[in-house]
Amino acid sequence: MSRLVVVSNRVADLSNPSQADGLAVGLGDALAARGGLWFGWDGNVVKQGTRVAPNVTTSGDITTVTLPMTVKDYDEFYAGYSNAVLWPVFHYRLDLEHFEEQYLRGYKRVNSKFADALKPFLKDDDIIWVHDYHLIPLAAELRKRGFRQRIGFFLHIPFPPPDILAAAPQHEWLVSCLMDFDLIGFQTKGDLTNFRHYIVDQLKGQWSNGGAIAAYGKRTTAQCFPIGINVENFRDMSRTEQADEQIAFLQRRLIARTHIIGVERLDYTKGLPSRLKAFSRLLEKYPDNIKRVSLMQIASPSREQVEAYIDIKEELEALSGKINGTFADFDWTPVRYMNRSVPRDILAALFRGSQVGLVTPLRDGMNLVAKEYVAAQDDDNPGVLILSEFVGAAEQMQEALIVNPYNVEQMAEAMQRAITMPLEERVERQAALLKTIRAYDARHWQQSFLELLGSPRIGLVA
Ligand code: GDG
């Protein structure tokens with residue numbers, strides 16, 4: 001079997017699983033199963049002109065190679081083109097796009113630097129798997145340096161319709177760079193359809209069954225591979241003795257009978273203000289819930305240097321303060337809003353101890369929190385998942401209560417329905433959801449992608 005080389009903007013710290021996010025666990029699994037190399041940024045920013053050799057660490061069969069980024073690269077590549085242009089545009093938020101010419105130069109420069117730094121570590125028969133929007137030009141850069149081995153790409157975020165993508169300067173160039181990969185993976189059928197529209201309607205390219213594509217004089221294959229979680233691992237984490245103690249402690253300390261939970265990175269795509277407004281509306285419209293229901297919202301800090309993230313943080317602080325000011329009593333706090341990161345095992349316990357899981361982003365590639373919430377539930381007395389229709393997970397998880405995250409009134413109604421849902425219906429929905437997340441787990445995701453990337457079937461246009 002060829003060696004697997006994973007390239008992503010950030011490399012997770014595999015020695016600290018309690019902080020690992022869903023993606024790190026999924027990729028860590030793939031590497032643990034076949035060994036290999038993981039290459040990317042170490043998260044540090046250094047002064048301009050500092051020359052730092054890549055840091056190489058080996059643990060068992062896995063080698064990680066990481067390097068820091070200069071201030072200029074951070075500003076232009078990471079905070080700039082990646083997170084002030086591609087992230088908002090790919091999430092349909094053209095209002096939040098902020099483009100400057102040097103961002104694009106920085107984006108191209110860092111991808112070229114990544115290719116240079118990766119080059120000495122590559123072997124001829126490696127199979128390379130590149131992740132996410134930061135690294136779209138990486139295959140083109142590696143090809144320029146003479147690499148001919150298979151290179152696959154997986155987009156973790158949505159792929160927007162052509163009219164929306166058109167707002168990203170040099171979108172034609174981006175799509176032509178995608179065509180340098182041998183396999184392009186998307187989260188959902190919807191994303192794949194948007195990409196097909198771009199290739200067929202815009203570029204007049206060829207698209208055959210199985211996603212074989214010809215355009216720009218290049219050939220590749222595109223398919224969808226919905227990402228999943230390691231279900232049993234997360235389930236086990238939610239059922240330890242420590243988790244039981246954590247849940248019992250919460251039930252003693254918080255007088256509310258029903259706990260609603262939301263967990264995400266603090267990001268404007270996650271729909272947090274509308275969610276808080278919907279919770280406020282629930283208390284207003286169904287006052288029986290006062291002192292009986294509370295919302296715990298964990299919003300872990302994210303991209304704090306990017307302007308749009310500063311604004312959303314302020315908005316959330318004001319909103320949670322307003323709800324607590326209006327409804328709180330001496331012995332009851334309606335909203336517990338935490339702007340910090342929580343260890344993964346505590347999250348698992350909190351999910352299991354919460355009767356409602358709120359996952360209501362305005363747009364999301366997949367959303368692993370929805371799957372983690374389901375994995376953690378007790379099958380004979382499960383909680384209810386409320387899920388936005390605009391997350392990738394909604395394509396698979398139709399047994400959740402599906403809501404429009406822009407409709408505050410509908411979300412409040414869904415919360416009331418979840419709180420009062422009979423046991424039989426909860427059990428039935430949970431069984432169906434658990435079956436789906438087990439069938440499409442992290443292993444299925446990485447195995448199906450890597451199997452196709454390694455197969456002779458790809459790139460063959462009928
Ligand atoms: C991108 C796409 C796609 C969150 N807060 C804490 C914490 N988390 C963990 C969650 C989950 C992960 O982070 C978040 O994953 P999501 O999928 O929900 O969202 P993104 O971070 O936006 O991820 C997304 C994903 O890539 C994978 O392809 O699904 O659509 O946007 O695992 O539990 N983990 C810990 N403490 C926290 O406070 N330990």
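Order of listing sets the numbers, starting from 1, for every ligand and every atom in it. Just so you know, these numbers use all the heavy atoms, side chains as well, and skip hydrogens, waters and symmetry mates.
Listed by number with element, the atoms of ligand 1 under 4.0 angstrom from any heavy atom of Gln187 are 3 (C), 28 (O). With ligand atoms numbered from 1 in the order given, ligand 1 contributes 32 (O), 33 (O), 39 (N) to contacts under 4.0 Å with heavy atoms of Arg344. Near Arg265, meaning under 4.0 Å from any of its heavy atoms, are these atoms of ligand 1: 20 (P), 21 (O), 22 (O). Below 4.0 Å from some heavy atom of Val369 lie the following atoms of ligand 1, by number and element: 10 (C), 18 (O). The atoms of ligand 1 that sit less than 4.0 Å from any heavy atom of Asp364 are 2 (C), 24 (C), 30 (O), 31 (O). Interface of Ser341 with ligand 1, defined as ligand atoms under 4.0 Å from a residue heavy atom, comprises 36 (N), 37 (C), 38 (O). Ligand 1 places these atoms under 4.0 Å from at least one heavy atom of Lys270: 19 (O), 20 (P), 22 (O). In summary, the atoms of ligand 1 found under 4.0 Å from a heavy atom of Val342, numbered by their order in the structure, are 35 (C), 36 (N), 37 (C), 38 (O), 39 (N).
Distances from ligand 1 to the non-hydrogen atoms of Trp87 include at least one value under 4.0 Å.
The number of heavy-atom neighbours closer than 6.0 Å to NZ of Lys313, taken from other residues, nucleotides and ligands shown, is 12 or below.
In this structure, the side chains of Tyr107 and Leu86 come closer than 4.5 Å at one or more pairs of heavy atoms.
Considering backbone and side-chain N/O atoms, Ser300 comes within less than 3.5 Å of an N/O atom of ligand 1. For a threshold of 3.5 Å applied to N or O pairs, the pair formed by Phe154 and ligand 1 contains no separation below that value. Residue His91 places no N or O, backbone or side chain, under 3.5 Å from any N or O of ligand 1. Between Gly365 and ligand 1, at least one N/O pair is under 3.5 Å apart. For ligand 1, the polar-atom distance check against Val263 finds no nitrogen or oxygen pair separated by under 3.5 Å. On a distance-only criterion, Leu368 and ligand 1 share at least one N/O pair closer than 3.5 Å.
Counted by atom type alone, Asp73 and Tyr78 present zero donor-acceptor pairs between their side chains at under 3.5 Å. Between the side chains of Glu399 and Gln430, no donor-acceptor pair is found at a separation under 3.5 Å. When only modelled atom types and interatomic distance are considered, Gln377 and Arg426 share no side-chain donor-acceptor pair under 3.5 Å.
Note: Phe90 and Tyr133 fail the aromatic proximity criterion, with ring centroids not under 6.0 Å apart.
Pairing each heavy atom of Pro361 with each of Pro405, the nearest pair is O-CG, 3.3 Å. When all heavy atoms of Ile437 and Val374 are compared, the pair lying nearest together is CD1-CG1, 3.9 Å. Annotation for Val45 and Tyr74: closest pair CG2-CD1, 3.7 Å, computed over non-hydrogen atoms.
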| task | Before giving the answer on side chain to side chain donor-acceptor pair (under 3.5 Å), spell out for Asp364 and Asn367 the whole-Å C-alpha distance, their side-chain angles and the decisive distance to 0.1 Å. | result | CA-CA 6 Å; Asp364 215 335; Asn367 194 289; 2.9 Å; yes

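When non-hydrogen atoms are compared, ligand 1 lies under 4.0 Å from the side chain of Leu347 (C-beta onward) but not from its backbone.
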